[in-house]
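Note on naming: letters A, B, ... go to the chains in the order of the sequence lines (proteins, then strands), and numbering restarts at 1 for each one. Keep in mind that this is a model prediction, so the values were computed, not measured.
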Protein chains: 2
Amino acid sequence: MFTDVGPKKTSSQQLIKEANMRRIFALICINEGISRAGIAASTGLSPTTVSTLADGLISSGLVIETGAGELATSGRKPIMLEVNPGGGAIIAADLQKNGYYLGIFNLKCQSLDEVFIPLKDYEALGSSIVENTAILLEKCGYGVDRLLGICVGAPGIIDRKKGRVVSSTIIPLETSNLFYEKLKKAFPDVTVEIMNESGLCAYAESQYGAIGRHTDNLLYIDIHAGIGAGIIINGSIYEGSGELAGEFGHISIDLNGPVCKCGSRGCLEILASIPALVANIESETDFLKEHPETRTEDEKLRIIAMEYIGKKRYSGQIDKTAEYIAYGINNAINLINPGAVVIGGKITAMGSGFLKKVVEVQRRIGLDRNRRTKIIMSEFEGNPVTAGGARYIFNKIF
Amino acid sequence: MFTDVGPKKTSSQQLIKEANMRRIFALICINEGISRAGIAASTGLSPTTVSTLADGLISSGLVIETGAGELATSGRKPIMLEVNPGGGAIIAADLQKNGYYLGIFNLKCQSLDEVFIPLKDYEALGSSIVENTAILLEKCGYGVDRLLGICVGAPGIIDRKKGRVVSSTIIPLETSNLFYEKLKKAFPDVTVEIMNESGLCAYAESQYGAIGRHTDNLLYIDIHAGIGAGIIINGSIYEGSGELAGEFGHISIDLNGPVCKCGSRGCLEILASIPALVANIESETDFLKEHPETRTEDEKLRIIAMEYIGKKRYSGQIDKTAEYIAYGINNAINLINPGAVVIGGKITAMGSGFLKKVVEVQRRIGLDRNRRTKIIMSEFEGNPVTAGGARYIFNKIF
DNA sequence: TTAATTTCTCCAGTGGCTTTATTAATTGTA
DNA sequence: TACAATTAATAAAGCCACTGGAGAAATTAA
């Protein structure tokens, strides 16, 4: 996007120009409405340079002039520059058990639309995304040439270099599934990334979250059937040396605890996942007697949450889960000392009572100095996977 | 060091020049003996530019020509460029209980000398370092103007911005101790950094270690009276949002375990530190009967290690310690998935038998895919704190 | 209408990099 | 020994992104 500006130049000069262009564009992104003069003052670049580069951004369609801005004192009114929302579109997918969400975002990373596409056969994932990307683009008035990137968020272990889901307990995606290649082939000039969903949630929190925005290092804990984590280090998604970081569910907090399928004992996943919580409640309370009908886990969770929030029922089991999670979080804080820990996933159905218990336990067992880390529940509006994915693509390009 | 090259220039061009100079210098550092032509081929810069910048490096004393190099085919022999070891000196301190080590390193980060300075009164730390820095510089033939930086490695919690040791159980350094200010005042043009010792050990392993060199993410576990950790993420020392990362000792692996002074239960520090190991052996074996004389912990550890390595005694307690550490390491691997975990500190006295047990347990309890992380014992020759500190300063400057 | 002020643009100049050409040094061969 | 071939390093000329100052454009206040 930034490389087709002007004729061939010597590499280093081109580099400078591109870097300055990025700086200017970033400023325009952050400040909704800023003048050329404002950019010059803020960057230290000369007004001349800013004018030249801004004109380049305008002619490439990324930026538009939005008329005269207000000025406190006298003088010529500034011409305000803003990101051109229609200048480009980003597509983000969120793979689920029986299909996927597909969202379209404008250049301001605002969600324009999001649909759920049911999938019977995951073999067809690639071609399905290709089709529905075209549909969404058309629906929102974008030509295919305006597509900037596609991000696919998936549960499980990702091999980003090969663009594959290596293993996942949730979606039936074989290692051999070539949906990444299909996307690259259909949209050759476009950035395509496969990312772990927890990482994208973490990224969404770190970019948009009221708390997350203010820290460089953040841990997002995703509690559902499994327990995963997304880690933000120095503002970027951290994936570890083998793209395996964030296996929060297999942190052990009880080496004498129950045996986990991973070979260890007392893992959080076996103690504090949603299935573990439901199983505890079923075996220790009258839940099954009161609700004898066969139900899905989601339905059970809904009932449990309702009765917990309304009548404080099952608080023994839920508090216990909170304690386990607090031990896990405290271990993570001791190791990586993030500025914030965000709890997300289905467990958020339990509401603030659950969070309160987690915080209470962590404050009790944590070192004094580690109590500064904020522990909150995700309050993200919309789908954090697609929002994080779109933002990730955006920041990768610009 | 790089800023006084030539007259005033426009900012962006100056930036490019400096960046290219750094690139060239880095290449000369890595390749012992490289020609201007070789640099041009390797960087993609033009021969002319390389010549100009190399001349700048030579005239600033950082680089020297070391005569003609060998050439396979015919043609003019290249003039080899190398780092000028005498071009600068770096001083690194390693604070201990009763004094500190002070090492001097040349521009190739090679250790020239290292001395132990006993200290009765820690109030005098700053002036003592100033004095002994001058002595070491003179001893090695450096003028004071050749000093590039000083790194002080300290146990405990560091506030790097203020240059203070915030809390340490090992050395009696009050928060009010102004040794950082003293150093800055005595050597105003010089980079001065206070760093956590575990972080510096980790850095030394990641820069020089046979295994550590090959991974971007590394965990160094320092087991002595406490258990700390140094974390390398993307090749840099990671300190967390509050400079508190690496509190490995307070990771809990048994929420029903013994109460720790931190308020939690089953922390590694209370289960697997050197004092814990010695206490276990004293209470569960005949150690005290056989060695009734009062001894220091270090002496006890020496005896235990000797008998463990020679006669496999105390292997019950030592294996248990290894198991605890393995659980801690496995938790860390699950969370941050480093390429390597290096075990250091006094526990290394136990030799390869201890390491073997740690690896065995981690391999048993770890996820298949997490068994790829290498777990090794530190085999660093010399003092990793000063070596890591010197290297840290070097990489910060260049 | 004029002065003052602020925004934006045009023009000449600076400096770091590149390309092309030249000089320097070495090997191989007649 | 002379000379071509080859590689390394330097010199000269030109390119281009940025800067600073002059000036045009637009707006407010007097």
Self-check item: Atom-to-atom span, CD1 of B:Ile79 to P of C:dT23 - whole angstrom
Solution: 18 Å
Quiz item: What do the steps show when you test B:Asn84 against B:Leu62 for side-chain contact (heavy atoms from CB on, under 4.5 Å), and what is the final call?
Solution: CA-CA 5 Å; B:Asn84 177 15; B:Leu62 295 176; 5.9 Å; no
Quiz item: A:Thr48 side chain: which of D:dT19, C:dC8, D:dA11 is closest?
Solution: D:dT19
Self-check item: Gap between atoms CD and P, on B:Glu65 and C:dA25 respectively (whole Å)
Solution: 13 Å
Quiz item: Hey, does the side chain of B:Thr49 come within less than 4.0 Å of C:dT18's phosphate (OP1/OP2), counting only N and O?
Solution: yes
Quiz item: Rounded to whole angstrom units, what separation is found between the CD atom of A:Gln13 and the C1' atom of C:dT19?
Solution: 13 Å
Quiz item: Looking only at side-chain N and O atoms, does A:Ser74 come under 4.0 Å of OP1 or OP2 in C:dT5?
Solution: no
Quiz item: Out of C:dT19, D:dC18, C:dC11, which has the shortest distance to the side chain of A:Asn20?
Solution: D:dC18
Practice problem: For A:Ala68 and for A:Leu53, find the nucleotide of DNA chain D with the closest heavy atom, then tell me which residue's nucleotide is more 5'. | Solution: A:Leu53
Self-check item: Atom-pair distance (CG on A:Asp55; C1' on C:dC10), nearest Å
Solution: 13 Å
Quiz item: Quick one: which of A:Val190, A:Ile104, A:Thr191 gives a side chain to side chain contact (heavy atoms under 4.5 Å, CB included) with A:Leu147?
Solution: A:Val190
Self-check item: Nucleotide C:dT18, atom P - distance to CG of A:Leu15 in whole Å
Solution: 11 Å
Exercise. Specify whether A:Phe25 and A:Phe394 have parallel, tilted or perpendicular ring planes, treating 30° as the upper limit for parallel and 60° as the lower limit for perpendicular.
Key: tilted
Practice problem: Can you tell me the distance, in whole Å, between the NZ atom of A:Lys17 and the P atom of D:dC15? | Solution: 16 Å
Practice problem: Say whether, by atom type as modelled, one donor and one acceptor occur between the side chain of B:Asn106 and the main chain of B:Ala89 under 3.5 angstrom. | Solution: no
Quiz item: Of the nucleotides C:dT9, C:dC8, C:dT19, which one has an atom closest to the side chain of B:Ser46?
Solution: C:dT19
Exercise. Please assess A:Gln207 against A:Ile232 for the test side-chain contact (heavy atoms from CB on, under 4.5 Å), listing each intermediate value before the final yes or no.
Key: CA-CA 10 Å; A:Gln207 292 279 316; A:Ile232 305 296; over 6 Å; no
Practice problem: Check the surroundings of atom CD in B:Gln110: do more than 12 heavy atoms from other residues, nucleotides or ligands lie under 6.0 Å from it? | Solution: yes
Quiz item: Given atom CZ of B:Arg76 and atom P of C:dG28, what is their separation to the nearest angstrom?
Solution: 18 Å
Quiz prompt | Atom CD of A:Glu181 with >12 non-hydrogen neighbours under 6.0 angstrom | solution = yes
Self-check item: Spacing between A:Ile16 atom CD1 and C:dT18 atom P, to the nearest angstrom
Solution: 12 Å
Quiz item: Which of residues 31-41 of chain B have a heavy atom under 4.0 Å from DNA chain C?
Solution: none
Quiz item: Any idea which of D:dA9, D:dC18, D:dT27 is nearest the B:Ser51 side chain?
Solution: D:dA9
Quiz item: Where the side chain of A:Lys77 is defined as all heavy atoms beyond and including C-beta, which of C:dC11, D:dT27, D:dT7 is the nearest nucleotide?
Solution: D:dT27
